[in-house]
Amino acid sequence: MTPPPWAENTQIGLLRADDLQRPDLVFRYGRYLYRTCGTHLAAGGMGTVSNMERRLDGSGGVEDVVGKTFQTAYLQQIRSDDVTRRDHHINLAAVARIAALSHPGLLPMLVAAPIADNYLFVTPKMGGTLLEATTKHKVTARGRTQLLMQALDALGEMHEARLLHRDFTLRNVLVDDRAAVAYLFDFDLALSLDDVVGGTYGTHYRGRVFGSPGYSVAPETIDPGLAELPVTTALDIFAVGGALHALFTDEMPYGKADDMWGLLMRIGDGIVIGGKSSVHYPESVPRPLYPIIERCLERDPTARYSRVASIIADLRAVLPELDDRAADARFYFSATMGAPIVDRAQRLQAVFNRRRDETITKPQVDLAEAAVTTWGYEIQKCLGKVKTHPIYVAAPRVDLLAAGQFPDANTFPKLVTMIDLHQIADPRALVDAWTQVYWPTLKKVRRGMMTTLHKVILDTNTGSLLLFSEFIDDPRFGSQLADVDLHVDGALALGFLITRQVALLHENGMAHNNIHPGALLFKASNETRMAQPAMIGLVEPSLAQEAMVSDTRAMASMVLSWLRPARILALNARQRPHFEEVRARLSALATDRTNQARIDELLACVSDGLSLVDFNFSVLRDAGGDLEEHAALVLSHRAYHLLWPDHR
């Protein structure tokens, strides 16, 4: 078959993101002609990658390249969210500076240009990631470390230019087909330190999580106590420790974590503090690397290596101690490689047999499996329904994890709410609402694990909208508070925290629309004996004013139900009349149908009540202090002991 001619038939400025899925579109960029292949290669959290080709002046040899564009949802968030828009412009400026750097370990940026509806980035096509090559090529311990050192040298070059990568992981290091040369790539989160001068992690991150938790997400981006530190290259240094550890195992330095929320708690607490380490090491991790890994993973950024060059020097010094013989079966410890793969038909039948709602049919279970398989998951359990929509537990496919090909750094199980668009009167309107309004808004207001929603996917093959939420291990729910004795300050602290969470939604024009005790979740950390609350159950948000009023009434009713009469009677005699006034305001917000209850009124009411019974909260409120952090301190230990009494 004769290949199509290399004749220009479009211009880069006219190209659209969807055109990368069409073959034989040819455009010029500089001295090169580029041609689309029409084949999709991969998709990540922010971008979609497709195969392409290029040729010098249309007459030289043909090179395989890849083209990357941003996900539509990300572009929509840029338009709707000031912080995302700020980060996007900072990132584009950083990418332009990276493209101008000349270093053999930085993957060349062949094209970085706006197109009609997106941005196009073209890079050479490599053999795979260092994560994949570790097992595929059976690279020895010394060889793996040397490959990472090549990428580290490139990272050091970025730091010298005052540029941060912000997601330095094995997934973001490419190797050639022989696994002999490594290149640092994927600069979606890169920024210049010149763009954050005077800024802190708190002011820049705004409580959001960027990077790969368990590997590149550092404590200073999670813990409020460290968040006031200035943004520095120490962020990338922390990630180097995670990458070194990951060269030899797919288990995290933190050991086994039951869910993402628990992992984020551990990250904030730190696993190396002043040289005291609790890093989890399978036997496959070489002992000479322990001190280097641990110095990178210090909780205090100032205690880490100050320069990448120092890490490289220490690695070079221990290279002779690393095994360079042919790799044997013990060269890499994996929790997934060799794991039993249950027969698909048997697994799905078991899911159906154990379903919690008998109205869910076997064809529905099969349809859910077909939908999530496309995105790298498999159905494990059927938990029933939420607002008529089936909900499942889905886990990453074992075969993809073992091959290092799972498309997401977050490998925890997920709760998947499956909305059958065939049953929706206006499916396009619902999809547009979720992709253009609800999901961008949730990402905008998200603070740590305030919402457990992970991603929203339209699966066109099954005609389903999939809502992926974080699976939470061993949770407790608001409905269980009816059986415990809450102190007044604890009840109001809880009310303040969750009202503030819902208020963030209302401030952005969106109602939760599913407020009830069962939608209030608590997650505990057994190490710190603390529990944190979060409102979940976001499956049918609303933009209607009436839904916001309903949210407020439902929240006020829940707070009232937590105020125990005996505890109110135990208040100081001078406090009690004032507190009864607060309770009357709460009751009016909950029951007065003639009043359009507003969330800011509820927040003020709860805040007034907490100021009455907690002097420190009152002082902080007058001084403009962090009221959410104080409320969390009031609540967290008490909630843990009340809801997890067996863990005392």
Determine, stepwise, if the pair D614 / V634 fulfils side chain to side chain contact (heavy atoms under 4.5 Å, CB included). CA-CA 9 Å; D614 186 325; V634 171; 3.4 Å; yes
Give the C-alpha distance, both sets of side-chain angles, the deciding distance and a yes or no for side chain to side chain contact (heavy atoms under 4.5 Å, CB included) between M252 and H280. CA-CA 7 Å; M252 292 180 293; H280 167 69; over 6 Å; no
Step by step, work out the side-chain hydrogen bond (donor to acceptor under 3.5 Å, both in side chains) result for D459 and S464. CA-CA 5 Å; D459 186 68; S464 305; 5.4 Å; no
Go through E358 and I360 one step at a time and tell me if the side chain to side chain contact (heavy atoms under 4.5 Å, CB included) criterion holds. CA-CA 5 Å; E358 292 190 357; I360 294 175; over 6 Å; no
Could you walk me through whether F522 and Y640 satisfy the ring-ring contact (aromatic ring centres under 6.0 Å, His included) test, starting with their C-alpha distance in whole Å, then the side-chain angles of each, then the deciding distance to 0.1 Å, before giving a yes or no? CA-CA 9 Å; F522 293 87; Y640 178 85; over 10 Å; no
Derivation of the ring-ring contact (aromatic ring centres under 6.0 Å, His included) call for F412 and H454: CA-CA 11 Å; F412 289 103; H454 175 61; 10.0 Å; no
For a side chain to side chain contact (heavy atoms under 4.5 Å, CB included) check, start with the C-alpha distance between V484 and W562, then their side-chain angles and the critical distance, and finish with the verdict. CA-CA 9 Å; V484 301; W562 301 331; over 6 Å; no
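For the pair T435 (side chain) and V431 (backbone), a donor-acceptor distance under 3.5 Å is present. The closest donor-acceptor contact from the side chain of R304 to the backbone of A234 lies under 3.5 Å. Between the side chain of H637 and the backbone N or O of R529, at least one donor-acceptor pair lies under 3.5 Å. For D236 (side chain) and H165 (main-chain N/O), a donor-acceptor pair under 3.5 Å exists by modelled atom type. A donor-acceptor distance shorter than 3.5 angstrom exists from the side chain of S550 to the backbone of E546, with no hydrogens or angles considered. Counting only distance, with no hydrogens or angles, the side chain of R576 and the backbone of L571 share a donor-acceptor pair below 3.5 Å. At distances below 3.5 Å, not a single donor-acceptor pair connects side-chain atoms of R476 with backbone N or O atoms of L642. Remark: the backbone N or O of G274 is paired with a side-chain donor or acceptor of E298 at under 3.5 angstrom. Within the 3.5 Å criterion, the main-chain N or O of A433 finds no donor-acceptor partner in the side chain of Q436. Within the 3.5 Å criterion, the main-chain N or O of I271 finds a donor-acceptor partner in the side chain of S278.
Within the 4.5 Å cutoff, no side-chain heavy atoms of W434 are placed close to those of I457. You'll find the side chain of R266 reaches within 4.5 Å of the side chain of E527, heavy atoms only. Using a 4.5 Å cut-off on side-chain heavy atoms (C-beta onward), F496 and L627 make contact. For the pair I424/L465, no side-chain contact is recorded, criterion being any heavy-atom separation below 4.5 Å from C-beta on. Annotation: side chain of L189 is not in contact with side chain of N91 (no heavy-atom distance under 4.5 Å). A heavy-atom distance below 4.5 Å is not found between the side chains of V416 and I391. You'll find the side chain of V231 stays beyond 4.5 Å of the side chain of E220, heavy atoms only. Looking at heavy atoms from C-beta onward, L543 lies in side-chain contact with M510 at the 4.5 angstrom threshold.
Salt bridge annotation for R355-D357: absent, with no cationic side-chain nitrogen under 4.0 angstrom from a carboxylate oxygen. With respect to K523 and D474, no salt bridge is recorded, no charged nitrogen being found less than 4.0 Å from a carboxylate O. Checked for salt-bridge contact, D489 and R567 miss the test: no charged N lies under 4.0 Å from a carboxylate O. Salt bridge status for R553 with D592: absent, with no side-chain N to carboxylate O gap under 4.0 Å. Classification of K256 and D258 as a salt-bridged pair holds, one side-chain N sitting under 4.0 Å from a carboxylate O.
Y205 and F210 have their aromatic ring centers within a separation under 6.0 angstrom. Residues Y215 and F168 keep their aromatic ring centres 6.0 Å or farther apart.
Counting all heavy atoms, side chain and backbone alike, E540 lies closest to N513 at O-ND2, 2.9 Å. Considering all non-hydrogen atoms of both residues, L263 and G214 come closest at CD2-N, 3.8 Å. Between V559 and L492, the shortest heavy-atom contact is CG1-CD2, 4.2 Å. The heavy-atom pair separating Y74 from H88 by the smallest distance is OH-ND1, 3.2 Å. Taking each heavy atom of A368 and Y392 in turn, the nearest pair found is CB-CE1, 3.5 Å. For L635 against A493, the heavy-atom pair with the smallest separation is CB-CB, 4.2 Å.
Here the CG atom belonging to L589 is positioned 7.0 Å from the CG atom belonging to N595, to the nearest 0.5 angstrom. Atom-to-atom distance recorded for I568:CD1 and R583:CZ is 3.5 Å, nearest 0.5 angstrom. Of the inter-residue distances, the one linking N514 atom CG with I536 atom CD1 reads 9.0 Å to the nearest 0.5 angstrom. Between the CG atom of L494 and the CG atom of L520 there is a distance of 5.5 Å, given to the nearest 0.5 Å. In this structure, OG1 in T359 is found 3.0 Å from NZ in K385, a value given to the nearest 0.5 Å. Here the straight-line distance linking atom CG of L191 with atom CG of L164 works out to 5.0 Å at 0.5 Å rounding.
Under the 6.0 Å distance and 45° angle rule, K455 counts as a cation-pi partner of F468.
Using modelled atom types and a 3.5 Å distance limit, the side chains of Q501 and H512 yield no donor-acceptor pair. With hydrogens and angles left out, the side-chain atoms of T552 and E601 include no donor and acceptor closer than 3.5 Å. A donor-acceptor contact under 3.5 angstrom links the side chains of N410 and E470, judged on distance only. Judged purely by distance below 3.5 Å, without hydrogens or angles, the side chains of T441 and N508 never pair a donor atom with an acceptor atom. Between the side chains of R621 and S607, at least one donor N or O sits under 3.5 Å from an acceptor N or O.
By the 30° and 60° cut-offs, the orientation of the rings of H630 relative to F617 is tilted.
M535 pairs with exactly one of V502, D551, L497 by the side-chain contact (heavy atoms from CB on, under 4.5 Å) rule, that one being V502. Between V606 and the choices V582, I498, L586, the side-chain contact (heavy atoms from CB on, under 4.5 Å) rule is met once, by L586.
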